[in-house]
Each structure stands twice: as structure tokens, then as C-alpha cells.
Amino acid sequence: MAQTNQATHADHAESESHGSFRSYTLGFLFSLLLTVIPIAIVLNGWLEGTANALTLMAAAILQFIVQLLFFMHLREERKPRYNLITLLLGLVILLVIVAGSMWIMMYNTVAV
């Protein structure tokens, strides 16, 4: 019989850590907190204008970081950081798209 190059589940489990119950629980609690805070701010009208937008963006960025660290296990990689480089490229593309869209929506008004 020919041997395949596919790793078994046991080999995979030994070579990489997938987090513990504690890390998943912490990640879940942080995610809940970073979801409830913006909802409470918006529904209760605690902040307005720029402060509201900055707080919501900060919560979104923190939520993204929590997802990467606790659920995507970005900090636990042993191999070269190709995933991190790909993520950074994706973030740059996302930033260009969002910033360009915001620019167009804010400054492309037609004076009548």
C-alpha cells in the first residue's frame, strides 16, 4: 500500500495547540463585552457625533484583535508568518476600500 502525505488528526493535534477551555471562555467573554458596550452606547445615546464613531470603531478593532488572538490562534503559529502577511495585505486592501468609499460619500455631493 502506498503511504499518503496527509496528516492524521493525532499528528495535527500534537503539532499545534488549539487553545484551552480557559482561553476560549476568555475570548467569548471579551467578545460579548465588546459587543454589549457599543450596543449600550448607541441605544442609550450616551455619546454623539465623533466620540460615538470613534468609540464604535475602537470596539470593532478590539473585537477583531480578540477574534484573531483567541479564536484564530494567530499568536500560536510555529511556521513562518504567511498567514499574518496575508492578513496585513487584506487589511490594507480593506482600509483602501473603506477609506475610498467614505471619501466618495462625503465629498461627492452635487451642488444644485
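It should be emphasised that the depicted structure is a prediction, and the values quoted were computed from it without experimental measurement.
Annotation for G27 and V66: closest pair O-CG1, 3.7 Å, computed over non-hydrogen atoms. A pairwise comparison of heavy atoms in F70 and S23 identifies CD2-O, 3.1 Å as the closest pair. When all heavy atoms are compared, the tightest approach of P38 to T35 is CD-O, 3.4 Å.
Residues F64 and L91 are in side-chain contact: their nearest non-hydrogen atoms beyond the backbone lie under 4.5 Å apart.
Grouping Ile, Leu, Val, Met, Phe, Trp and Tyr by side-chain contacts under 4.5 Å, direct or through others, puts I93 with L89, I97. Hydrophobic cluster membership for I37: L33, I41, W46, L47 (Ile, Leu, Val, Met, Phe, Trp, Tyr linked by side-chain heavy atoms under 4.5 Å, directly or transitively).
Remark: L62 CG to Q67 CD distance equals 11.5 Å, nearest 0.5 Å. The distance from atom CG of L95 to atom CG of L88, rounded to the nearest 0.5 Å, is 12.0 Å. Atom CG of L34 is separated from atom CD1 of I61 by 11.5 Å, given to the nearest 0.5 angstrom. Separation of atoms CD (Q63) and CG (L56) is listed at 12.5 Å; rounding is to 0.5 Å.
Under the 4.5 Å side-chain heavy-atom criterion for ILVMFWY residues, no single connected hydrophobic cluster contains both I39 and V42.
The side-chain contact (heavy atoms from CB on, under 4.5 Å) check on I104 picks up N108, with sequence neighbours excluded. By the side-chain contact (heavy atoms from CB on, under 4.5 Å) test, I85 is found to be paired with no residue, residues two or more places apart in sequence or in another chain being considered. Applying the side-chain contact (heavy atoms from CB on, under 4.5 Å) test to T25 and every residue at least two apart in sequence or in another chain returns F21, L29. Contacts of V36 classified as side-chain contact (heavy atoms from CB on, under 4.5 Å), with partners at least two apart in sequence or in another chain: none.
The environment of F28 atom CZ is sparse: at most 12 non-hydrogen atoms of other residues, nucleotides or ligands sit within 6.0 angstrom.
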